[in-house]
K.L.:
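One structure, pasted below without further comment.
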Amino acid sequence: MRSGVQSFVGARLAEARQARGITSRKALADLMQRAASTVIRWEEGETAPEPAALTELASVLRLPEDFFLTARREGSGLSFFRSFAGALRGDRLSQQVRLAWLEDVTAVAEHYAHLPEINVPDLLQGRNFRNLRDEDIEAYAQAAREHWGLGLRPILNMVELLERIGVVVASEPMETDQLDGLSRWGSDGRPYVLLASDKQSFSRRQFDAAHELAHLVLHRAVTEEEFVENFKAIEDQAHRFASAFLLPASQFSVEIDTAAIWELERLKARWKVSIKAQIMRLQRLQILDKSSATRLYKIYSAKGYSRREPFDDVWPMQEPTLLADVFKALVDAGQVTKEDLREDLPLFPHDVESLTGLPSGWLSLQAARIVELKPVVTPRDNLGGVRGEVVPIKRSGD
């Protein structure tokens, strides 16, 4: 029998290290002033830390000690990313863990409350993603709109739509230009999306959310090996689906009077899709040829739209609210106290608040005292029955 805390789970230590952006076991060992071989044996499950070392680990990684004593449930689906660049491996691992933690927090919310029913159709019906043509993706995007009763009208808030159909969404800074979001089906059978909160604008978030939705509806059956081998094709499919979903061909095409920047500015206000994404969509619909698209891109760049498009500094960012609303409602209704929530949640408040969109410090603040009011029959007289008088104020010039 190994020494140390017997219920310690080495895989949870690796998970915590990755979540905190500590890319190597040696780096964690250096933080703890221990031999790298010690941390390696902990993660591999060959040995377990003594109680004092477990307390130190929890402190360094800013996690409850219980976190390291519970194995993670298996069965989660593949996580989809925008890049497989080697330099991003640490960032990808970190965000994968954050997405898994989002599922853990959701389990607590779902213990207390009914979350929206999962309403994500199986569009492919067993069809292999490799066989999808452009016209198939257009058809699937339209079928998804019909399934959710969206018709041909603009989608004003993609994040709200995702939450309404049972997707749990979180928004956090990812601190890299290469990751805009990721998604996966959880081990609980619920879809999850994590969006980057930095370097974002309203229209960019709209497209990123639609892109992740594409993965959920088109690529649920894709294996990790298939994703790596067909990465560019899979990402292109998600991009095309997002474009077709946000800008349905039959409606968007008839609203184009002239392929001019000012016209695309007007359409951005209506469709809530960036000018750049509109140019790409028009080119794919063969409304613009390559030379016309190139001319528009040059005008786009000359106007400085590569840095910021019209409305980007006006429209507030769409933020997820589902989990925050659930926890606030539970506390407001007196069904559970914040102290109880802190005990039930598998993470410390700062991580929970970040993942759920709760205000910083909310879980640690004392809830307001509930005061039962008496029914008021008659007004209470002031000063023993003597009511005050309204004294007119004299102003200069009167």
Side-chain angles (χ1 to χ4, degrees), residues 2-74 76 79 87-108 170-176 179 182 184 186-187 192 194 196-198 323 338-339 341-358 360-364:
R2 67 178 186 177
S3 61
V5 179
Q6 293 303 305
S7 55
F8 181 81
V9 181
R12 294 288 262 173
L13 172 56
E15 179 181 310
R17 175 176 59 78
Q18 291 160 0
R20 298 307 184 210
I22 303 173
T23 56
S24 71
R25 296 160 171 176
K26 182 181 184 305
L28 176 58
D30 290 343
L31 286 173
M32 300 181 67
Q33 297 184 333
R34 292 177 181 268
S37 59
T38 299
V39 174
I40 291 172
R41 287 196 297 270
W42 287 346
E43 284 198 8
E44 297 294 336
E46 297 174 5
T47 62
E50 297 296 331
L54 176 60
T55 299
E56 185 182 0
L57 267 178
S59 176
V60 169
L61 295 170
R62 307 189 306 281
L63 288 164
E65 290 184 22
D66 287 350
F67 174 90
F68 301 94
L69 309 181
T70 307
R72 174 164 299 288
R73 182 170 59 178
E74 299 296 328
S76 295
S79 295
L88 287 173
R89 184 173 184 276
D91 293 322
R92 292 199 309 271
L93 290 173
S94 176
Q95 300 310 322
Q96 278 184 291
V97 173
R98 300 298 292 182
L99 198 58
W101 288 3
L102 178 63
E103 184 177 341
D104 296 340
V105 172
T106 301
V108 177
S171 171
E172 289 192 314
M174 295 187 181
E175 298 177 354
T176 171
L179 290 177
L182 62 154
R184 77 174 189 184
S187 59
Y192 291 86
L194 180 58
S197 62
D198 39 6
L323 293 181
K338 291 184 179 182
E339 183 178 4
L341 277 180
R342 291 196 299 269
E343 289 294 321
D344 285 347
L345 288 162
L347 306 169
F348 280 146
H350 63 92
D351 282 313
V352 175
E353 289 160 355
S354 178
L355 286 166
T356 61
L358 285 165
S360 179
W362 183 87
L363 274 167
S364 302

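Owing to the predicted nature of the structure, the values given are computational and were not obtained by experimental measurement. FYI, side chains are in, hydrogens and waters are out, and symmetry mates aren't considered; it's all heavy atoms of this structure.
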K.L.:
Show, in sequence, the C-alpha distance, side-chain angles and deciding distance for Leu63 and Arg12, and conclude whether the side chain to side chain contact (heavy atoms under 4.5 Å, CB included) test is met.
P.N.:
CA-CA 11 Å; Leu63 288 164; Arg12 294 288 262 173; over 6 Å; no
K.L.:
Pair Leu194, Glu172 - check side chain to side chain contact (heavy atoms under 4.5 Å, CB included), show working.
P.N.:
CA-CA 7 Å; Leu194 180 58; Glu172 289 192 314; 4.3 Å; yes
K.L.:
Any chance you could measure Arg34, atom CZ, to Glu56, atom CD, to the nearest 0.5 Å?
P.N.:
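These two atoms lie 5.0 Å from each other.
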K.L.:
Look up atom CG in Asp351 and atom CG in Leu345, then write down how far apart they are to the nearest 0.5 Å.
P.N.:
10.5 Å
K.L.:
Counting C-beta onward and ignoring hydrogens, is there a side-chain heavy-atom pair between Asp91 and Met174 closer than 4.5 Å?
P.N.:
no
K.L.:
To the nearest 0.5 angstrom, please state how far the CG atom of Asp104 sits from the CZ atom of Arg72.
P.N.:
4.0 Å
K.L.:
Measuring only between side-chain heavy atoms, which start at C-beta, is Trp362 closer than 4.5 Å to Thr356?
P.N.:
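No, their side chains stay 4.5 Å or more apart.
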K.L.:
Are Phe68 and Val5 close enough that some pair of their side-chain heavy atoms sits under 4.5 Å apart?
P.N.:
no
K.L.:
For residues Val352 and Leu323, determine if any side-chain heavy atom of one lies less than 4.5 Å from a side-chain heavy atom of the other.
P.N.:
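Heavy-atom side-chain distance check fails, nothing below 4.5 Å.
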K.L.:
With the threshold set at 4.0 Å, does a side-chain nitrogen-carboxylate oxygen contact exist between Glu44 and Arg25?
P.N.:
yes
K.L.:
When rounded to the nearest 0.5 angstrom, what is the spacing between OG1 in Thr47 and CZ in Phe8?
P.N.:
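The distance works out to 8.5 Å.
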K.L.:
Does a side-chain heavy-atom distance below 4.5 Å link Thr70 with Val9?
P.N.:
no
K.L.:
If we ignore hydrogens and angles and just use 3.5 Å, is the side chain of Glu65 paired with the main-chain N or O of Leu54 as donor and acceptor?
P.N.:
no
K.L.:
Please tell me if the side chains of Arg20 and Leu28 come closer than 4.5 Å, counting only heavy atoms from C-beta onward.
P.N.:
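Of all side-chain heavy-atom pairs linking Leu28 with Arg20, none is under 4.5 Å.
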K.L.:
Please name the pair of heavy atoms, one in Ala170 and one in Leu355, separated by the smallest distance, quoted to 0.1 Å.
P.N.:
CB-O, 3.2 Å
K.L.:
Supply the atom-to-atom distance Arg17 CZ to Glu43 CD, rounded to the nearest 0.5 angstrom.
P.N.:
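Reported to 0.5 Å precision, the distance equals 4.0 Å.
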K.L.:
Flag yes if more than 12 heavy atoms outside Glu46 fall under 6.0 Å of its CD atom; otherwise flag no.
P.N.:
yes
K.L.:
What is the ring orientation for Trp101 with Phe67, classed by angle as parallel under 30°, tilted 30 to 60°, or perpendicular over 60°?
P.N.:
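Perpendicular: the ring planes of Trp101 and Phe67 meet at over 60°.
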K.L.:
Considering only heavy atoms from C-beta outward, does the side chain of Ser79 approach that of Gln95 to under 4.5 Å?
P.N.:
no
K.L.:
Go through it in stages, so that I can follow the logic: the residues are Ser354 and His350, the test is side chain to side chain contact (heavy atoms under 4.5 Å, CB included), and I'd like the CA-CA distance, side-chain angles, deciding distance and then a yes or no.
P.N.:
CA-CA 6 Å; Ser354 178; His350 63 92; over 6 Å; no
K.L.:
Would the distance check show the side chain of Glu15 and the main-chain N or O of Val97 forming a donor-acceptor pair, the cut-off being under 3.5 Å?
P.N.:
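Not confirmed, Glu15 side chain does not pair with Val97 backbone.
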K.L.:
Rounded to the nearest 0.5 Å, what separation is found between the CG atom of Leu179 and the CZ atom of Arg92?
P.N.:
8.0 Å
